[in-house]
Q: 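For reference, the structure I am asking about is given below.
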2 protein chains.
Amino acid sequence: MARNSTRENIITAADRLFYERGFENSSFADVAQLVGISRGNFYYHFKTKDEILDAVIRRRIEERARMLDAWVDTSQSPKESIAQFIRILLMNEEKIRRYGCPVGSLFAELAKLNHPAEGGAREVFNLFRIWLRRRFEEMGKGQASDRLALHLLARSQGVAMLARAYPTEPFLEREAEELLAWLETVAEG
Amino acid sequence: MARNSTRENIITAADRLFYERGFENSSFADVAQLVGISRGNFYYHFKTKDEILDAVIRRRIEERARMLDAWVDTSQSPKESIAQFIRILLMNEEKIRRYGCPVGSLFAELAKLNHPAEGGAREVFNLFRIWLRRRFEEMGKGQASDRLALHLLARSQGVAMLARAYPTEPFLEREAEELLAWLETVAEG
DNA sequence: GTCTATAATATGATAGAC
DNA sequence: GTCTATCATATTATAGAC
């Protein structure tokens, strides 16, 4: 992976632009310019714009799956793994303030466009949902695990949205702390 | 207001389409067709597409300001007013599941487009923020009022996002109940 | 594999008749 | 106030040379 082939470079550039400017608002010309190739060369690697979108979504899923695996490997407990999830809000703070959550913003855009790839974007949510559910199950939360997973996902999405609306205020850090405190009460209860 | 003039009809149609399909994805042709006028007639009422967007945002702010005033008038307590705010998730459940929150989705789109009207879209958030802050102040929450207002706004946004991602699941009702329970604990604490 | 045209279409916007 | 052209531009996509 991360081969320096033109195809991989296209996916990397598209991934970035789709996040920073949105999918519809990113043209082939924009991506081609960022990669440093001509628009025509584009179509040798991808027949349609939707194919690039699919490739971007697949890569995002793969990257996040690896990240989630690593969190499980490096954490001492499921609670610590979930805390890692909450802390990505802080790790990506600057980007979230500027562009929101990449998962939520792409899904929201594709859903509004009624785009065929909406399902693929939802899969990224699913990845986190299922991973979080497993961690809560390991914490002994049983039937409540899925509810807790969705709750935490929703809280994170809301924090990202408001952090973008009020990027200069210390809102994101405060809410991340509240989420970590919430995690403690869940662990105790 | 709600005059049946062509101008008002255009704003109404644009408001709906911007919500259901997004701003960029709604063309003049789409709006004109919904209103039942020609594309050319359009430019007699609005010189640019951005002017329509501004008019839509202004109307949304006015409508919501009236709604918030009405909630204060019909509620017995500030807590009851805030509960009304939470219940709009349930009142608009079907639309939220299909199109998300109109406030959040328009703001997110304009922010990603780096559109000049992003500030106007943020004003809708501000309207709710300030209103909620006042209610919490009336509940005696003092300096914590703004933090509580932003927290509730973020929670609502997150619920709307996940409700759109999982529209067939009973997620929204459950989270609305949790928010009402949260409001009780805030009132007691 | 990469390039330079070029086609085909959609869209925001304008001009002018009625 | 509303209409029918029409323009100008951007964008996805294709054809074919190198």
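Keep in mind it's a predicted model, so treat the numbers as computed, not measured. Within every chain, numbering begins at 1; the chains are lettered A, B, ... in the order of the sequence lines, protein sequences first and strands thereafter.
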Q: Could you check which of dG12(C), dC3(C), dT11(D) has an atom nearest any side-chain atom of F28(B)?
A: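 Of the options given, the side chain of F28(B) lies nearest dG12(C).
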
Q: Within this structure, what is the CD1-to-P distance between I52(A) and dT12(D), rounded to whole angstrom?
A: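 Rounded to the whole Å, the gap is 9 Å.
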
Q: Just N and O in the side chain of N41(B): are any of them under 4.0 Å from OP1 or OP2 of dG1(D)?
A: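 Answer is no, no contact under 4.0 Å.
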
Q: Is Y43(A) touching bases, backbone alone, or none of the nucleic acid, heavy atoms closer than 4.0 Å?
A: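 The residue Y43(A) makes base contact.
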
Q: Decide whether T12(B) and N9(B) meet the rule of one side-chain donor and one side-chain acceptor closer than 3.5 Å.
A: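 No, no side-chain donor-acceptor contact under 3.5 Å.
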
Q: Tell me whether R164(B) is salt-bridged to E118(A), with the criterion being a basic N under 4.0 Å from an acidic carboxylate O.
A: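 Salt bridge: no.
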
Q: dA13(C) P sits how many Å from L53(B) CG, rounded?
A: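 Checked: the CG to P distance equals 12 Å.
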
Q: Check each of F23(A), F128(A), F125(A) against F107(A) using the ring pair (Phe, Tyr, Trp, His ring centres under 6.0 Å) test, and report the only one that passes.
A: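 One option only clears the test, and that one is F125(A).
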
Q: By the 4.0 Å heavy-atom rule, please label S38(B) as base, sugar-phosphate, or nothing.
A: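 Result for S38(B) = base.
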
Q: Take the protein atom CG of N25(A) and the nucleotide atom C1' of dT11(C), then report the distance between them rounded to whole Å.
A: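 The answer, rounded to whole Å, is 14 Å.
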
Q: Between atom NZ in K47(A) and atom C1' in dA15(D), what is the gap in whole Å?
A: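 Roughly 16 Å, once rounded to whole Å.
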
Q: Would you say T6(B) places a side-chain N or O within less than 4.0 Å of OP1 or OP2 belonging to dT2(D)?
A: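 T6(B) to dT2(D) OP1/OP2: side-chain N or O found under 4.0 Å.
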
Q: Please determine if a side-chain N or O atom of Y44(B) lies less than 4.0 Å away from the OP1 or OP2 oxygen of dT2(D).
A: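 It does not, given that no N or O in the side chain of Y44(B) lies less than 4.0 Å from OP1 or OP2 of dT2(D).
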
Q: Measure from CZ on R39(A) to C1' on dG16(D) and round the result to the nearest Å.
A: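 Going from CZ in R39(A) over to C1' in dG16(D) covers 16 Å.
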
Q: Measuring to OP1 and OP2 of dA13(C), would you say a side-chain N or O of T48(B) lies under 4.0 angstrom away?
A: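 T48(B) to dA13(C) OP1/OP2: no side-chain N or O under 4.0 Å.
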
Q: Taking atom types as modelled, find out whether H151(A) and R155(A) have a side-chain donor-acceptor pair closer than 3.5 angstrom.
A: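 On atom types as modelled, these side chains qualify, holding a pair under 3.5 Å.
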
